[in-house]
Amino acid sequence: MTAKKINTYGIRYLGSKNKILPLIIDVIGNLNKRDNKVIDVFTGTTRVAQALKMHGYDVTTSDLSWASEAYSNAFVCNNGSVDHLQKYIDELNKVKPTADWLTNHYCDVAAKADPTVNIKVWKKKNGMKADAIREHIETLDVEHWEKMYLISCLIFAMDKLDNTVGLQQAYLKGWKTDRVDKDLKLSLLPGVKGTPGNHIVGSALTIDYQSASVAYLDPPYTAADYSTYYHIWDSITKWDKPDVSLKTNRRIDRVKSGDKADKSMQSPWYSKRKALKATEDLINRMPVQYCVFSYSDEGLISYEEMETLCKKYKSYKFHQQAHALHVMSRIGAGGDEADNAKKKKNIEYVIVIEKEEETC
């Protein structure tokens, strides 16, 4: 029997596993594990990691995304006691709005690469408030996880007011007044009770992970480059105020064709040619008993390829659940617009691979 709905917290995010969390938790819970340690390798907004923590697991998260470090520190890397941070939320909400990097690049301004294109992600009043809040966070005498928590509070507040469909290279030409006209205000994010975890920033193919029973793996499997889709959240987390380029004012080191491209953000899972081998390499290097995959039939790796790969290991099992496609997949972002509009659901698989003991 699948568990009931699990309440977790996150921003709008392509490929969120919020709808299949009960299936993931049930699958992991039924494994014959040697301990309660789980590695959430591509943690994203940490929804799966939060659910694991809620269910008593000792969780390590990792991701290339800088913003994922903020989310993990907010929800995973503490014991859930966050009420003491309300005084900082109150302090940040009182800062005087001042235009800085966000206002100058994303609040009704001309695109760097084309002055005829206006970038309208936030109204200027909210961009100025966000700039002032983020700058003030740098001055606070708090622990690292507390700083990351406050940055997450800012990102969550901004996510409710932006003028996009959830991707930061798809800005709307007009203003969505039901969202954007509201005033930016930070709120305390809920604490997630459980054993404090830890987070590692970097590539899953190079990180030296500590031994665990389970690795939960949710690679992109698509050509959708998350480092460009959510670059503003990364910039807010790092607060390095980079130069920008293109018609969307993307941070310049995320322009893949440019000479300043950040090579560390490149992922083999955005390439049909490289994704399958990268998946096999990842399974082989993870110091775990079980690899539990989230896999979609919409991805770059075919079902047949995935099953053939699974057969190389001690045992495997496919669990499945159908659910509605993400809105971007139905408006032409993933291929032919007419075909995508007709297909309302895809199959999401949770695959368990049991490794031979000597490969752990």
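Tyr303 is linked by a ring-ring contact (aromatic ring centres under 6.0 Å, His included) to Phe318, Tyr349, counting only residues two or more places apart in sequence or in another chain. In this structure, the salt bridge (Lys or Arg N to Asp or Glu O under 4.0 Å) partners of Asp218, at least two apart in sequence or on a different chain, are Lys17. By the ring-ring contact (aromatic ring centres under 6.0 Å, His included) test, Tyr9 pairs with Phe75, sequence neighbours left out. With sequence neighbours excluded, no residue forms a salt bridge (Lys or Arg N to Asp or Glu O under 4.0 Å) with Glu305. With sequence neighbours left out, the salt bridge (Lys or Arg N to Asp or Glu O under 4.0 Å) criterion links Glu143 to no other residue. Considering only residues two or more places apart in sequence or on other chains, Trp66 meets the ring-ring contact (aromatic ring centres under 6.0 Å, His included) condition with none of them. The salt bridge (Lys or Arg N to Asp or Glu O under 4.0 Å) check on Arg250 picks up nothing, with sequence neighbours excluded. With sequence neighbours left out, the ring-ring contact (aromatic ring centres under 6.0 Å, His included) criterion links Tyr57 to no other residue.
Shown here is Lys182, whose NZ atom has no more than 12 heavy atoms of other residues, nucleotides or ligands within 6.0 Å. For Lys33, the NZ atom is densely surrounded, since the number of other residues' heavy atoms within 6.0 Å is greater than 12. Within a 6.0 Å sphere centred on NZ of Lys147, heavy atoms belonging to other residues, nucleotides or ligands number more than 12. Environment of CG in Asp178: crowded, with over 12 heavy atoms of neighbouring residues, nucleotides or ligands closer than 6.0 Å.
Considering CD of Gln86 and CD1 of Ile89, their distance stands at 6.5 Å, rounded to 0.5 Å. Separating the CZ atom in Arg47 from the CG atom in Asn18 is a distance of 4.0 Å, to the nearest 0.5 Å.
Under 3.5 Å, the side chains of Asn198 and Thr60 contain a donor-acceptor pair of N or O atoms. With no hydrogens or angles considered, a side-chain donor-acceptor pair links Tyr313 and Asn284 at under 3.5 Å. Between Asp183 and Asn126, the side chains place no donor N or O within less than 3.5 Å of an acceptor N or O (distance only, hydrogens not considered). With 3.5 Å as the limit, one finds no donor-acceptor pair spanning the side chains of Gln169 and Thr248.
A salt bridge links Asp253 and Arg251; the closest N-O separation between the charged side-chain nitrogens and carboxylate oxygens is under 4.0 Å. Classification of Lys314 and Glu354 as a salt-bridged pair holds, one side-chain N sitting under 4.0 Å from a carboxylate O. Using a 4.0 Å cut-off between charged side-chain N and carboxylate O, Lys241 and Glu135 make a salt bridge. At a threshold of 4.0 Å, the pair Lys312-Glu280 counts as salt-bridged, since one of the basic side-chain nitrogens sits closer than that to a carboxylate oxygen.
Using a 4.5 Å cut-off between side-chain heavy atoms of Ile, Leu, Val, Met, Phe, Trp and Tyr, with links allowed through other members, Leu205 and Val41 fall into the same hydrophobic cluster.
Under the 3.5 Å distance criterion, the side-chain polar atoms of Thr164 are left unmatched by any main-chain donor or acceptor of Tyr171. Side-chain atoms of Gln168 come within 3.5 Å of backbone N or O of His231 as a donor-acceptor pair. Remark: side-chain polar atoms of His55 are paired, donor with acceptor, to backbone N or O of Ala51 under 3.5 angstrom. The backbone N or O of Asp100 lies less than 3.5 Å from a partner atom in the side chain of Asn104, making a donor-acceptor pair. Panel note: side chain Lys185, backbone Ala157; no donor-acceptor pair is recorded below 3.5 Å.
Classification of the Trp101-His105 ring pair by plane angle, with boundaries at 30° and 60°, yields tilted. A parallel orientation is assigned to the rings of Tyr270 and Tyr226, their planes being inclined by less than 30° (bins at 30° and 60°).
Side chains of Leu186 and Ile133 form a contact here, defined as non-hydrogen atoms less than 4.5 Å apart. Contact annotation: the side chain of Glu146 approaches that of Leu85 to within less than 4.5 Å [non-hydrogen atoms, C-beta and beyond].
Among Thr45, Thr43, Asp234, the one residue that satisfies the side chain to side chain donor-acceptor pair (under 3.5 Å) test with Ser65 is Asp234. Applying the side-chain contact (heavy atoms from CB on, under 4.5 Å) test between Ile28 and each of Ile25, Ile24, Asp26 identifies Ile24 as the sole match. Of the candidates Leu21, Val38, Thr61, Val292, Val48 forms a side-chain contact (heavy atoms from CB on, under 4.5 Å) with just one, namely Leu21.
Sorted pairs that involve residues 74-93 and meet salt bridge (Lys or Arg N to Asp or Glu O under 4.0 Å), not counting sequence neighbours, are lacking altogether. Residue pairs meeting the salt bridge (Lys or Arg N to Asp or Glu O under 4.0 Å) criterion with at least one member in residues 57-68, sequence neighbours excluded, do not occur. Counting only residues at least two apart or in different chains, ring-ring contact (aromatic ring centres under 6.0 Å, His included) contacts with residues 33-53 comprise Phe42-Trp269. Applying the salt bridge (Lys or Arg N to Asp or Glu O under 4.0 Å) test to residues at least two apart or on different chains, none of the pairs has a partner in residues 257-267.
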